[in-house]
Amino acid sequence: DDTIVISTDRQKFIIKCNETMKFFSKNKLTLNIGKSKYLIINFSNIIHLKSDLILEMGVLKYKESFKYLGVIISDSGSLKKDVKLTFFYS
């Protein structure tokens, strides 16, 4: 359902994305590039790393943080739980 590619290096990330897409193609899987986003864990906070990527499959938009399996991951490397507790009383 969800695919995640992790990297701290922009060039390696591009290579990993292209390899992932080759795997998808070989196994008759698809990726909705329009709904896909990326972030690079960027401890140095270099601004030019925060631009959209042009890959073989299309343009991948940059996002500073996203939620994956209930955890908010940011490009600064921080992780935060996003768990909402709901109590039902009868």
Side-chain angles (χ1 to χ4, degrees):
D1 225 2
D2 292 340
T3 302
I4 185 168
V5 177
I6 299 174
S7 183
T8 56
D9 179 276
R10 186 179 173 92
Q11 290 306 99
K12 289 179 184 175
F13 177 76
I14 292 169
I15 292 167
K16 286 180 182 182
C17 283
N18 289 328
E19 289 173 357
T20 300
M21 292 314 299
K22 287 177 188 174
F23 172 85
F24 277 21
S25 178
K26 181 179 178 182
N27 291 283
K28 297 180 176 39
L29 300 170
T30 60
L31 175 74
N32 185 337
I33 193 78
K35 292 174 71 177
S36 300
K37 307 288 184 257
Y38 88 100
L39 69 79
I40 300 287
I41 297 174
N42 175 16
F43 299 110
S44 61
N45 205 24
I46 300 171
I47 300 300
H48 78 273
L49 293 178
K50 297 183 178 191
S51 61
D52 297 344
L53 285 178
I54 299 173
L55 302 172
E56 293 173 5
M57 65 214 160
V59 176
L60 197 54
K61 299 284 184 183
Y62 186 83
K63 191 165 182 177
E64 291 185 357
S65 67
F66 68 92
K67 188 184 335 182
Y68 186 73
L69 300 176
V71 176
I72 298 172
I73 304 167
S74 76
D75 60 2
S76 68
S78 70
L79 304 172
K80 295 178 185 173
K81 290 183 185 178
D82 185 31
V83 179
K84 296 176 183 162
L85 299 177
T86 305
F87 295 96
F88 297 98
Y89 296 99
S90 55

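Computed from a predicted structure; not experimentally measured.
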Checklist outcome for this item: On a heavy-atom basis, the closest approach of Arg10 and Leu53 is NH2-CD2, 2.9 Å
Item to check | Distance-minimising heavy-atom pair for Ser65 and Ser74 | outcome: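 Shortest heavy-atom separation between Ser65 and Ser74 comes out as CB-CA, 3.9 Å.
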Next on the checklist: Can you tell me how the ring of Tyr62 sits relative to the ring of Tyr38, calling it parallel under 30°, perpendicular over 60° and tilted otherwise?
Outcome noted: perpendicular
Item to check | Residues forming a side chain to side chain contact (heavy atoms under 4.5 Å, CB included) with Ser25, sequence neighbours excluded | outcome: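 Residues passing side chain to side chain contact (heavy atoms under 4.5 Å, CB included) with Ser25: none at all.
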Item to check | With Glu19 via side chain to side chain contact (heavy atoms under 4.5 Å, CB included) - residues at least two apart | outcome: Ile15
Item to check | Common cluster, Met21/Val59, ILVMFWY with side-chain heavy-atom separation under 4.5 Å | outcome: no
Anything under 3.5 Å between a donor and an acceptor, one on a side chain of residues 27-36, the other on a protein residue two or more places apart or in another chain? List them.
unit_1 : atom_1 : unit_2 : atom_2 : d
Asn27  : ND2    : Phe23  : O      : 2.9
Asn32  : OD1    : Gly34  : N      : 3.1
Asn32  : OD1    : Lys35  : N      : 3.3
Ser36  : OG     : Asn32  : O      : 2.8

Checklist entry - Are side-chain heavy atoms of Ile14 and Leu55 found at a separation under 4.5 Å? => result yes
Checklist outcome for this item: Applying salt bridge (charged side-chain N to carboxylate O under 4.0 Å, His left out) to Lys61 and not counting sequence neighbours gives Asp52
Next on the checklist: Restricting to side chain to side chain donor-acceptor pair (under 3.5 Å), what partner residues turn up for Lys22, sequence neighbours left out?
Outcome noted: none
Checklist entry - Does NZ in Lys12 sit with more than 12 non-hydrogen atoms of other residues, nucleotides or ligands closer than 6.0 Å? => result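 Counting other residues, nucleotides and ligands, NZ of Lys12 stays at 12 neighbours or fewer.
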Checklist entry - side-chain contact (heavy atoms from CB on, under 4.5 Å) between Phe66 and Ile73: does it pass, once the steps are laid out? => result CA-CA 6 Å; Phe66 68 92; Ile73 304 167; 4.3 Å; yes
Next on the checklist: I need the Cys17 SG to Leu60 CG distance, nearest 0.5 Å.
Outcome noted: 6.0 Å
